[in-house]
Enquirer: 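Please see the structure below; I have some questions.
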Amino acid sequence: MLTILLLAIPFFAAGAALLMGQKFAKQIALFAGLAELLTTLIAIYFFKQGDPNGLLTFHQDWIGPLGINYSFGLDGISLVMMLLCSVLLPLVVYASWHKSYKNPHVFYSMILLMVGSMVGAFTTTDALMFYIFYEFALIPIYFMCLVWGSGENKARVTLKFFLYTLFGSLFMLVALLYVYQSSGSFAFTAMYEAANAMSAQEQGWLLAAFFIAFAVKIPVFPFHTWQPSTYDAAPVAGTMLLAGIMLKMATYGLLKLVLPMLPEGIAEYGGWCLALCAISVVYASCMAIVQKRFKLLIAYSSIAHVGLLSAGILSGNAQGMQGGVMEMLSHGIISVGLFFVYDIIASRMHHDEMNRMGGIRDVNPQFAFLFFVIVMGSVALPATSGFVGEFLLLLGLNQYSPLLTAVAGLTVVLGAVYMLRSFQQMMLGASNHNTLNFAPLTQHEKIVLSIVVGLIVLLGVYPSPVLELSNPTVENLLLGIH
Amino acid sequence: MVEFLFWFLSGVGILSAIATILSKNPVYSVLFLIVTFFSIAGHYFLLNAQFLAAVHIIVYAGAIMVLFLYVIMMLNLNRLDDDRKASWSKAISVASACLLMFVIVAALRRTDELNNVQTAANSNDIGFTKNLGIALFRDCLLPFELATVLFLGAMVGAVYLSKKEAINN
Amino acid sequence: MELIPGSGITINHYLWLSAILFSLGAFGILYRKNAIIMFMSVELMLNAVNIILVAFSKMWGQTDAQVFVFFIMVVAAAEVAVGLSILMMLYRNMHTTDTDVLDKLKF
Amino acid sequence: MEKLVTLIPLFPLAGFLYITFFGKGFSKNFIGWLASGSILLSFIVSILVFSTQLQGAQPTIIKAFDWITAGSFDIDVSFIVDPLSTIYLLFITGVGFLIHVYSIGYMHTDEGFNRFMAYLNLFVFFMLILVLGDSYVTLFVGWEGVGLCSFMLIGFWYKDMKNNDAAKKAFIINRIGDLGLILGMCLLFSYTNTLNYDSLFITGNEASSLPSGVATTVGILLFIGAMGKSAQIPLHTWLPDAMAGPTPVSALIHAATMVTAGIYMVARSSELFAASETASMVITWVGILTSILGATIALTQNDIKKVLAYSTVSQLGLMFVALGMGAYSTAVFHVITHAFFKALLFLGSGSVIHGMGGEQDIRRMGGLKSHMKITHLTFLIGTIAISGIFPFAGFFSKDQIIAVAFENNRVMFVLVSAVSALTAFYMFRLYFLTFHGQFRGTHDQEHHLHESPKTMTVPLIILAVLSIVGGFIGLPHAVGEEMGMHWHWLDHFLQDAVVMPASLMHVGTEVILMVVATTVAIGSIFYAWKKYKKDGELALEDDEINNNTHQLLADKYRMDELYERIIRKPVDGISAFFGKNIEPKVIDGIVNGSGSVTQRLAEKLRQMQSGKISFYILITVLGLVALLLLI
Amino acid sequence: MKELLIISLLGIAVLAADILKLRKAIFPLIMLGLLSTIVCCIADWGHNEIPFQQYGGMLLFDNLALAFTVVISLIAMFWFVLTSDYFRGDGARRTDLYALALFSICGAVVMVSFSNMMMLFLGLEILSIPLYVLAASEKRNILSNEAGFKYFFLGSLASAIILFGIALIYGATGSFDLATIASKVAVLGSSSTLLMVGVTMIIAGFAFKISVAPFHLWAPDVYQGAPTAVTAFMATIVKAAAFAALYKLFNGAFAGLSDKFTTSFAVMSAVTLIVANIIASVQVNSKRLLAYSSVSHAGFMLGFIMMSTSVPGKYLLFYVLAYSIASLTAFGALHHVSSIQEGDESTDAFKGLVKRNPMMAVAMTLALLSMAGIPPLSGFLAKYFVISGVLNGGYLWLVIIMILSSVVAMYYYLKLIIAMFTPIENAGRIVVARSQQLLYGLFAVLLVALFFGASALELISF
């Protein structure tokens with residue numbers, strides 16, 4: 001029942017926001033977010049209890065003969081993802097609190113719809129349902145970019161984004177259907193069994209299909225070209241959702257669908273995927289180094305991080321998967337933080353070209369401090385959440401291939417290069433006429449940044465609650481894999 | 001005798017059909033087509049479908065072709081010169097038509113399953129008006145009624161279109 | 001076996017005949033561009049069908065095929081009525097019955 | 001008693017947090033003494049913990065809380081109490097405290113005072129985590145943490161982009177080392193399924209069970225980490241630049257503590273390195289090369305702090321030589337003595353710079369001994385100590401290294417002796433040029449010259465004392481017997497924690513070596529005295545340098561330029577190439593290309609829709625034919 | 001049977017009402033009639049005994065027929081409401097067009113309920129002949145004339161081909177009755193070339209009616225030329241009827257042969273999808289664009305025919321319903337938009353629609369997304385049914401083509417959507433009748449509701 005509640009809250013809130021109209025939209029969204037968070041916490045509580053009265057699972061036939069059902073269930077991993085959604089939703093809403101969007105009610109209902117669909121994707125235990133939510137999430141974000149986005153060619157950019165991701169995900173549909181031929185049901189468990197029974201070669205093909213689908217969304221080199229331009233065109237709230245949650249659907253898919261379904265396929269042909277992930281780490285880092293604009297730099301850095309993330313997950317061992325879970329959470333928080341920082345800067349400077357700034361630290365040390373912690377999180381300094389995730393990922397990846405680890409590990413160095421460079425260019429040095437009158441942080445900016453920073457440090461110092469939440473589920477999946 | 005009739009009628013039919021298609025003057029085409037229809041009617045006689053043959057003559061030669069003629073007269077189209085059509089396209093049309101014919105004929109050349117179908121004993125009197133009438137007004141009453149709807153529709157349509165309206169676009 | 005007693009005429013003869021007539025009709029509409037002649041060719045095709053139907057009804061000794069032929073005639077008549085009226089309207093607007101003039105709608 | 005160990009890092013952390021969040025509005029003295037006090041507290045606790053070890057308590061592990069759990073990978077935040085860690089605790093907190101106190105005076109006029117103190121506290125916190133951590137991962141936390149602090153402190157005066165660049169350079173080069181460390185950890189984990197010292201070395205003995213090839217790889221990877229931290233070739237270039245930071249930072253981080261983390265880590269993994277000949281050999285050679293390189297460069301530097309920096313590089317090299325030759329305790333010994341006298345020297349130079357009003361170039365100094373007596377005296381002590389004159393601290397530790405070298409490998413012995421000779425020379429060069437001869441600075445500098453305040457001089461004095469007596473923790477056999485003190489105390493103390501060299505050498509050779517070493521030192525000191533005191537020769541101005549070797553040394557072997565050419569430029573070039581060509585033209589080109597191809601195809605296809613009815617009929621007929629043929 | 005009676009009489013009644021000067025009554029009358037048809041269907045639901053046996057079992061109102069009749073009448077009602085202004089003009093015209101449309105619908109009903117080749121042929125003609133007229137009904141518009149002529153001419157060619165097919169099948173089986181044919185076919189199998197040729201001819205003829213490549217060439221021209229209202233009619237009701245008929249044939253009469261033709265269908269479908277989608281992607285005239293999209297949908301639906309023996313008809317029904325609603329919305333919106341700005345049918349005509357009539361824009365957007373097959377819209381399930389069916393048949397390559405083509409399709413749908421959401425200055429509101437506005441709202445709801453309501457497919461069986 002709780003799962004249904006989790007699912008219902010955003011969708012109802014979306015409807016409410018749409019109807020209540022201009023005035024209360026953001027309040028509704030914020031409230032929904034907090035309610036979602038509360039529900040998630042309750043769910044976690046029950047999960048710890050071992051779900052005595054089956055509140056965490058829900059099943060309802062939809063089109064029985066076709067094996068499509070409304071079936072939802074919360075396990076450790078999805079709870080972590082729920083945590084991600086329900087923490088980020090209020091954060092994102094509150095981050096754009098003082099922004100004035102036209103037709104806020106539509107805007108916020110779009111946000112809520114998107115989050116709702118992602119909640120669905122994270123909580124369902126039916127592969128087709130997963131696909132449906134996965135696809136549906138496209139629509140709201142598309143319109144957010146199209147209507148509220150910026151940039152003169154946003155239409156073209158968003159078009160590309162939509163088509164590209166659609167193109168990818170349709171391959172997943174085919175793969176799902178192909179497995180369904182032999183499973184006769186879209187329930188995850190049934191899909192696992194059916195796929196496991198297949199020959200390594202079949203699994204290889206399925207892997208290819210799934211990987212294309214997810215690689216486009218994650219995105220992994222060379223399927224990433226839609227991402228920077230889209231992040232650039234999207235309104236900042238949209239970008240936060242894209243980077244923070246949306247791409248996690250893909251990595252979650254890798255974790256919950258690909259790994260358990262296609263162990264032999266991965267063993268045989270997975271090397272290609274992992275290699276691509278590793279390449280995209282280095283490639284994206286290099287791209288980030290040459291960026292002149294901060295938003296694009298964040299975009300590329302995000303590609304680098306999720307490259308490592310997916311590589312670690314695909315390595316298919318406890319460390320990799322746990323690291324994946326942790327990194328999904330941490331990357332979500334950090335990228336929201338970074339994009340919010342971007343927003344703060346851009347809204348004051350009206351541009352985000354780094355070499356035209358400098359010395360902001362001198363004007364606004366508080367901001368610089370908070371920003372610096374986020375940067376450290378993004379370069380995975382120990383005692384930040386980024387480290388826990390990336391270190392586990394590297395540990396996992398290393399068990400798959402030390403060579404790839406060495407390649408992907410370069411993110412440790414290159415990440416430092418571009419993040420520090422951007423930080424120093426913008427924040428340090430002597431303040432110039434552009435930055436001299438850099439307005440101090442508003443109250444809500446402080447709050448949002450502090451929450452982000454707090455989470456980064458907290459998760460870095462004391463991540464075990466999260467890890468213990470997902471650990472049993474990961475163990476189960478591993479039992480299936482080996 | 002019958003055999004000769006068959007070949008004769010077929011020959012006439014086919015030739016006049018070709019003539020219909022090839023003749024420049026539409027009036028000639030109409031007349032040739034009527035000849036074809038007559039030969040077809042002859043075939044009906046051979047197949048003991050006398051009543052049908054009669055109807056055929058009345059409907060086609062009597063009604064439809066007259067309608068054609070009427071239109072031709074009204075639009076006074078004598079000598080249509082559509083030779084502007086390029087020769088290669090003509091060649092193509094001939095070729096593809098022949099292709100179609102060969103394919104169909106080739107497909108229908110061997111119809112062994114029909115050779116052991118016994119021509120029914122009553123096959124000589126099925127063409128009689130009585131039997132047809134029974135068939136028409138008992139089994140096929142519903143289609144018959146529907147045909148009226150069809151006609152109604154056609155009529156309304158024809159009337160609607162023929163109402164005069166000047167063009168301006 | 002032969003369709004008409006005492007003659008070598010089998011059903012196949014009629015099949016061929018109608019096939020030829022059908023193809024001739026097709027040839028007609030391919031070859032000519034004049035709407036009127038093309039209509040006639042269509043009529044020719046219909047009649048090819050009629051012939052083979054009558055032949056079959058003889059073969060199976062059933063009347064329904066012949067009844068069907070009636071309906072075909074009916075339909076043919078209706079079609080011609082509508083078709084010719086469309087043609088007249090067209091002629092009124094374009095002052096020709098040449099079908100190749102009709103290429104405003106393309107690509 | 002060991003339970004208290006958890007407090008040790010907490011005090012500095014508390015100090016840091018307090019100063020950062022509530023530090024506003026308090027007087028500088030309060031803040032300064034708060035910061036120092038927190039360190040003092042941890043120092044006291046450290047002594048308590050240390051005493052337990054003195055009574056020979058078993059190494060224990062104190063768990064604080066769970067940290068990372070993932071399958072078989074299970075890391076807690078917990079602290080190891082054993083001789084090695086405790087001895088490190090002592091001098092970190094001890095020296096740390098002194099430098100804190102010193103900073104109160106040194107930074108008093110700086111408006112970033114609070115920030116500075118906070119950073120120092122944070123640094124000490126991370127340094128303590130580094131040595132206390134009971135696993136490589138917790139070590140890594142401290143490892144990166146101190147790197148971070150060093151980054152923040154080098155770039156402390158952030159308005160000058162030069163400092164920021166130095167800081168970035170330090171951080172990134174360290175990061176390269178860290179990558180090695182991380183990979184080492186990953187590899188180690190994938191073979192032993194644990195990263196806890198306990199199960200690797202102490203109770204369980206996974207490390208020694210490694211296949212030797214793996215041991216070598218892991219060892220070298222870990223050593224790469226150490227290279228980064230401890231500024232060994234080729235990752236040494238950041239350390240001299242790091243002098244951009246305030247002098248106390250140079251003393252604390254870049255001389256006494258952080259840079260010796262590498263030695264700590266290797267000593268900590270002694271069993272692992274002992275298991276691999278190759279790795280040890282690599283360490284030895286890298287060490288000696290670095291040592292020579294540092295020493296030679298130091299000969300020609302004119303920036304007082306740069307000289308000390310290169311000397312640090314060279315001393316660290318010596319420590320690695322010791323490590324490489326399996327004398328882990330010896331290396332630790334030298335770490336400790338080095339911490340004393342190098343901190344002393346840096347603080348002394350700081351005091352000089354303070355007195356000179358920020359001037360760092362020894363060519364602008366001279367004859368300062370009359371103006372700043374305490375500084376001069378303590379600095380002299382430090383110089384003697386580093387030169388290795390009996391009975392100063394440096395003598396014993398360096399002598400032990402020389403002895404080890406003598407035993408293992410005569411070539412190494414020669415090189416080490418050469419290095420110590422060079423050391424003695426450039427240190428006294430520095431000393432004479434700074435404190436003797438005529439004052440060469442500007443007039444108002446001379447006018448402004450003064451001895452530093454108590455907060456600075458007292459630490460100097462204490463450190464001076466330590467640099468004199470510090471050596472007694474590792475008295476050689478012979479001396480020990482003579483003086484009736486028990487010799488090689490440190491080795492005995494550490495023997496549970498690190499691997500010990502097999503044999504103790506014969507007393508006779510020991511004595512001979514001591515004599516040799518001392519004479520060598522004295523000799524080069526005498527040469528320096530003759531050159532710079534008696535003949536009053538001065539360091540050359542940059543444009544006067546006319547021979548190439550000199551120029552080469554003055555340019556630090558042009559290492560930075562080399563890296564610029566073979567690393568930085570290529571990376572930038574490749575990135576730029578990706579950014580300009582690959583990304584838009586190839587990858588995105590394919591994506592967009594597919595679109596435009598479709599468009600072009602469409603333009604072709606739509607021609608088929610000619611609008612000509614005759615064509616439609618043709619297609620219809622042909623389609624019919626095709627269908628008929630298809631069956 | 002009653003259903004057929006009602007509708008055919010409705011046509012006549014309309015004419016009568018015109019004569020009796022009761023024009024006001026016509027529209028309500030039609031609504032009433034269609035509604036009662038639906039009621040009758042629901043009443044007859046389930047008892048599948050062949051009604052009016054004395055008519056020689058010419059018709060068979062089984063569940064399939066009833067369901068399709070319901071859908072057709074429903075769509076027809078929507079259509080009449082949505083395009084009511086098409087019937088404006090002088091009263092005579094109005095009634096004529098009403099009558100023609102109704103006759104055509106009557107033909108459609110025959111086509112979904114026939115159980116005898118004669119009825120099939122008659123139904124086809126009753127459907128088509130009034131439609132020829134409707135296509136040409138804008139007599140002043142030369143494009144409309146051209147469309148009418150092309151449609152008529154190629155249509156009659158197609159019916160000739162179908163007829164030849166029917167004749168050959170009769171020759172092989174000696175009957176027009178579906179049941180008898182089915183039994184004979186089961187015996188003969190593919191041995192009888194006569195039968196095979198006949199079936200092929202029927203396929204070819206129907207391929208024309210449902211506008212599947214290579215017989216689709218007429219469709220874009222006619223759809224573009226004909227009045228938008230009529231285009232909507234053709235895209236929805238005609239397609240529905242034709243597909244139902246084809247499905248009936250291959251699910252019933254030719255069931256024994258259908259596996260012989262799977263490949264042909266697969267190829268046709270593939271070619272259709274590729275050609276239609278690719279050409280559509282460069283269209284600037286939105287009407288023609290929608291025409292191509294409807295062709296491509298025919299390619300999709302062909303999947304059901306291909307798999308007729310394994311996929312129940314209700315899924316075809318679902319597709320038809322989902323698609324019909326979507327394209328009614330699209331064509332309706334186009335109808336209103338273009339009629340406001342002097343017949344401008346370019347994609348730019350939609351610029352700023354979201355401001356000019358939000359309800360319409362939302363409905364249109366949902367419709368386009370649904371046609372593209374994005375969940376949670378009915379179009380997704382529809383396509384899903386096809387794809388899973390085809391995949392079951394083992395035609396992976398066809399599925400891949402379907403997928404890629406629907407990406408291309410998404411591209412040109414998005415072009416329209418983007419147009420709707422690009423703001424323009426001095427955009428006057430587009431005002432439509434209240435009922436139509438409501439209808440757009442209804443469509444928007446239905447497009448989503450059908451997706452979630454798809455479980456209702458469990459309840460019906462055919």
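All chains are named by letter (A, B, ...) in the order of the sequence lines, taking the proteins before the strands, and each is independently numbered beginning at 1.
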Enquirer: Tell me the closest heavy-atom pair linking C:K106 and D:Q609, and the distance in Å.
Expert: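 The pair with the smallest heavy-atom distance is CB-O, 3.4 Å.
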Enquirer: Of the non-hydrogen atoms in C:F107 and D:Q607, which two are nearest, and what is the gap between them?
Expert: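 Minimum heavy-atom separation between C:F107 and D:Q607: CE2-OE1, 3.4 Å.
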Enquirer: Which atom names give the shortest non-hydrogen contact between C:L30 and D:L618, and what distance separates them?
Expert: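 Answer, listing the atom of C:L30 first, then D:L618: CD2-CA, 3.5 Å.
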Enquirer: Considering residues, nucleotides and ligands other than D:R565, do more than 12 of their heavy atoms fall under 6.0 Å from its CZ?
Expert: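 Count not over threshold, so no.
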Enquirer: Decide side-chain contact (heavy atoms from CB on, under 4.5 Å) for C:L102 and D:I613; before the verdict, give the C-alpha distance in whole Å, the side-chain angles of both, and the deciding distance to 0.1 Å.
Expert: CA-CA 8 Å; C:L102 299 171; D:I613 193 164; 5.8 Å; no
Enquirer: Just verifying a value: how many Å separate D:T620 OG1 and C:I29 CD1, rounded to the nearest 0.5 Å?
Expert: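 Separation between the atoms: 8.0 Å.
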Enquirer: Is the number of heavy atoms from other residues, nucleotides or ligands under 6.0 Å of D:Y563 OH greater than 12?
Expert: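 Yes, enclosed.
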